[in-house]
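First up is the structure itself, then whatever we jot down about it.
Excluded from the calculations below are hydrogen atoms, water molecules and symmetry mates; all remaining heavy atoms, backbone and side chain alike, are included. Every chain is numbered from 1, with letters handed out A, B, ... down the list of sequences. Owing to the predicted nature of the structure, the values given are computational and were not obtained by experimental measurement.
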Protein chains: 2
Amino acid sequence: MSKAVTNSVSARGPADHEVRDQIVVAATEHFSRYGYEKTTVSDLAKAIGFSKAYIYKFFESKQAIGEMICANCLRQIEAEVRAAVDEADRPPEKLRRMFKAIVEASLRLFFQDRKLYEIAASAATERWQAALAYEERIRKLLQDILQEGRQTGDFERKTPLDETVMAIYLVMRPYLNPLLLQHSFDYTDEAPAQLSGLVLRSLSP
Amino acid sequence: MSKAVTNSVSARGPADHEVRDQIVVAATEHFSRYGYEKTTVSDLAKAIGFSKAYIYKFFESKQAIGEMICANCLRQIEAEVRAAVDEADRPPEKLRRMFKAIVEASLRLFFQDRKLYEIAASAATERWQAALAYEERIRKLLQDILQEGRQTGDFERKTPLDETVMAIYLVMRPYLNPLLLQHSFDYTDEAPAQLSGLVLRSLSP
DNA sequence: ATGGTGACCATAATACATATTGGTCACGTG
DNA sequence: CACGTGACCAATATGTATTATGGTCACCAT
């Protein structure tokens, strides 16, 4: 599963070390089973058979560990979204798939990995690096699709690209951001189709 | 100020009664100064010089009083939005004004009447009648603008009206709903213009 | 009827003492 | 130097005893 990419902010001590991976594995297990709050750093230490102090040789805080797990989780969602986008070959359909996949992946996180979802929600509220980076990557993906659509002639070219990206991003945000998603459950069935429709109409040349 | 329209659900006992108004006035004062939670029903009773029990002759619960105050508050926002819309005469501009006014009015509630804002947020979370009715009225306003735009030829007519209304409503929701607004502060400057732009492009015939 | 209340109850909020927890550091070991 | 830890501290979390609050009801007065 997790090929934990060494993250700048959460790292400390030896970058590539077996124990670091053990910590991540244990944390993933504990956080997703018992939740972030209920898991203590000592629990993780016990799980890997070292002392609590040793953990702090690898991560500078409990939150840093949380960020790592959260980042993995968001990267997985992103991967699913990218996969869905790649299934289509024309930009309009790519956009539709992107929207649909985002909603589906986020909902699955909520319903099947509630505890991890809660971490992601905290990450969004407190603007952890992991959450910001995820947003940025999704935005980039969106931009790529739009750019491609402009080249193929599927999308209009008058509106400044940045503006279009921003606007569509804002449309997607309630379903991307775990915090907002919670308050949009009533609409998750219809929203992807309806909003994709609106967005595509707005993009027609 | 408040010509409190007698609401179906929150009412009880004599519909049009001086004491009912006194309660509403006292509650508006107390709730907006000390907050909904910190205000006790006894406080309201003391403020109007009656016993707590007497208050329950007019409202069936503390929440019912909260709903009344919240409803007034939301009606005021709605009035502002309607006023802003009426200033424009062509549907596209009406839409722009609507979006802008919603954001402005909601932000003002947040920053200048925080305590009332919190009630509105609860109303949204717990789906009080007041909040649902507000949403419905805003939706109706949106529909009216769209319908007018279709008649004047400013807006396209192919997409089913209901679908368009729903989609645009979903676009506005993060700025309408007090709960969501909190998490969209970063975008309240740009969002109205950018999203109005996108929506209007999607409506072009 | 209409106007009005004190006494009462179950539940929720508060306050406070106690125990955990996140985090550090000096210090051992090979 | 790389590996590893127990003892320690401030701050937060938790359990619990107590109080305050929402809400009702029987009852009195006009």
Contacts table for residues 130-137 of chain B: side-chain donor-acceptor under 3.5 angstrom, sequence neighbours left out:
| from | atom 1 | to | atom 2 | distance (Å) |
| --- | --- | --- | --- | --- |
| B:E135 | OE1 | B:Y169 | OH | 3.1 |
| B:R137 | NE | B:E78 | OE1 | 2.6 |
| B:R137 | NH2 | B:E78 | OE1 | 2.8 |

Does a salt bridge link B:R97 with B:E93, judged by any charged N lying under 4.0 Å from a carboxylate O? yes

Does a nitrogen or oxygen in the side chain of A:Y54 sit under 4.0 Å from OP1 or OP2 of D:dG4? yes

Nucleotide D:dG4, atom C1' - distance to CZ of A:R20 in whole Å: 16 Å

Between the protein and nucleotides 19-24 of chain C, list every N/O to N/O distance that falls short of 3.5 Å.
| from | atom 1 | to | atom 2 | distance (Å) |
| --- | --- | --- | --- | --- |
| C:dG22 | OP1 | A:K62 | NZ | 3.1 |
| C:dG22 | OP2 | A:V41 | N | 2.8 |
| C:dG22 | N7 | A:K52 | NZ | 3.1 |
| C:dG23 | OP2 | A:Y56 | OH | 3.2 |
| C:dG23 | OP2 | A:K62 | N | 2.4 |
| C:dG23 | N7 | A:K52 | NZ | 3.0 |
| C:dG23 | O6 | A:K52 | NZ | 2.4 |

Separation of atom CD1 in A:I55 from atom C1' in D:dC3, rounded to whole Å: 15 Å

Is any NZ, NE, NH1 or NH2 atom of the basic residue among A:D86 and A:R82 found under 4.0 Å from an Asp or Glu carboxylate oxygen of the other? no

Salt bridge or not for A:D162 and A:R139, using N-O below 4.0 Å? no

Roughly how many Å is it from NE2 in B:H30 to P in D:dT21, rounded to a whole number? 12 Å

Between A:Y175 and A:F185 (judged by ring centroids, cut-off 6.0 Å), do the two rings come close enough to count as a pair? no

side-chain N/O B:H17 vs C:dG3 OP1/OP2, d < 4.0 Å: yes

Do the ring planes of B:Y54 and B:F58 sit parallel (below 30°), tilted (30 to 60°) or perpendicular (above 60°)? perpendicular

Take atom CZ of A:F58 and atom C1' of D:dT5, then tell me their distance rounded to the nearest Å. 14 Å

Polar pairs (N or O, both sides) under 3.5 Å between protein and nucleotides 27-30 of chain D?
none

Shortest non-hydrogen pair, B:D43 vs B:K38, comes out as OD2-O, 3.8 Å

B:F110 six-ring centre to B:R108 NZ/CZ under 6.0 Å and within 45° of normal: no

